[in-house]
Amino acid sequence: MRASRTIMTPHGALTTPFFMPDATRASIRGLEREVLYQTGTNAMVVNTYHLMLDPGVDLIVRAGGVHEFMGWTMPLVSDSGGYQVYSLIHKKSDLGTVTEEGVRFRSVRDGSWHDLTPERAVDLQVGLGTDVMVVLDDPRPVAVSKAEMTASVERTIRWARRCRNAYAHHAQEQSWTARNRPRLCAVIQGGAHIDLRQQCADALNDIAREVDNGFGDQVWDVMGFGGRHVDEHGVIMRDVLAATAQKIPQQSLAFGLGIGTPQDIVQAISCGWEMFDCVIPTREGRHGRVFLWEDDGKNILRDAMRCGTVPARGFYKTYDIARQAFREDSTPIDERCTCGCAAYTRQYVRHLFSVRDSLGAHIIARHNLRFYAEMMQILQEALKKTDLSE
Ligand SMILES: [Zn+2]
């Protein structure tokens with residue numbers, strides 16, 4: 001477990017561990033900036049793949065960068081888009097190809113062809129002006145053969161080197177300073193194989209020592225756990241997460257990409273991860289799934305983390321507001337919550353879902369973001385000033 005610390009980005013400070021909702025297409029559907037700030041959300045993740053297709057990164061550059069475009073003033077992380085492109089190509093091979101140079105894919109929107117190379121992925125993210133950008137990697141489903149996973153790891157390593165070179169080139173060209181420069185995240189692949197994950201992390205650490213990022217740093221700013229964090233049966237791969245995190249230098253942030261449920265985030269923190277993003281609170285919220293604390297949930301979580309363990313029993317629960325059972329339930333969404341949801345009864349919000357008024361989705365998505373923000377605050381407090389050396 002890593003102690004809580006505060007890091008600076010060009011758009012403000014972030015205290016670890018932190019969670020970022022996914023503003024994939026430069027928005028959290030239906031939620032305005034002030035609403036997001038009020039939930040306690042202070043960083044989000046945008047997706048390069050989606051933004052390069054629509055509205056196009058050139059337009060965002062002309063708008064002054066993605067912060068200006070969105071009207072968002074706090075930190076933003078951009079994902080490289082590699083995961084989306086691979087999912088697309090793995091689903092339908094006529095939608096693109098992967099070569100050593102990069103990936104070539106077709107827009108599902110208008111059929112146009114696009115190229116994404118490691119260098120271009122960095123160029124696009126520099127254009128977006130995000131605070132943390134992610135290298136282009138070569139993710140594969142967890143179930144592929146070890147030989148295929150090894151090939152994925154090897155290509156991920158070669159592409160990470162090219163991304164770091166591209167970053168150094170921009171650092172010089174744009175006269176970035178140590179203070180205003182965006183941070184770069186390398187991605188560790190290897191699926192469920194501990195040895196591959198460790199080899200990948202070792203090779204990435206070698207690259208950080210060999211290739212100057214322009215600031216003399218011998219480490220990556222951030223190192224991410226790529227691919228899925230659960231196995232084919234949906235079970236969290238604790239041993240893989242822990243062994244991989246141990247390879248990440250203390251100066252680098254450990255980013256659990258795409259993690260996840262509250263339970264998985266807590267598990268990942270106990271394995272040494274400290275930065276997370278996921279669509280779950282907002283996407284599931286839009287479908288009516290409400291996250292809330294168990295009666296003594298906050299204390300259960302706080303006490304477990306202070307002892308350096310994961311909670312032995314559930315600290316939160318969920319329910320589906322769209323269910324018929326809430327048709328005449330006049331209790332609030334969550335009577336102890338301060339996000340504003342206590343103003344509405346369950347029967348009213350169920351009704352909104354029933355008549356397909358997006359207000360229902362907004363109320364629950366906002367509530368879930370508040371739940372996640374509260375959870376991260378508790379985790380930050382619990383991980384402060386504690387000796388967590390393992
Ligand atoms: Zn609420």
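Ligands are counted one by one from 1 in listed order, and the atoms in each one are counted from 1 as well. We number each residue from 1, following the sequence as shown. Heavy-atom basis, side chains included; hydrogens, waters and symmetry copies ignored.
- In this structure, Gln125 contributes its side chain and Ala121 its backbone to a donor-acceptor pair below 3.5 Å.
- Excluding water, every protein N/O/S atom under 2.8 Å from the Zn ion (ligand 1) is given here by residue and atom: Cys337 SG, Cys339 SG, Cys341 SG, His367 ND1.
- Sorted by first and then second residue, the ring pair (Phe, Tyr, Trp, His ring centres under 6.0 Å) pairs with a member in residues 180-228 read Phe225-Trp273; sequence neighbours excluded.
- Side-chain N or O atoms of Asp334 include one that pairs as donor or acceptor with a backbone N or O of Arg336 at under 3.5 Å.
- Every pair passing ring pair (Phe, Tyr, Trp, His ring centres under 6.0 Å) that includes a residue from residues 122-179 is listed here, sequence neighbours excluded: Tyr167-Trp176.
- Ion pairing between a basic and an acidic side chain is recognised when a charged N comes within 4.0 Å of a carboxylate O; Arg120 and Asp115 show no such pairing.
- Residue pairs meeting the salt bridge (charged side-chain N to carboxylate O under 4.0 Å, His left out) criterion with at least one member in residues 341-359, sequence neighbours excluded, do not occur.
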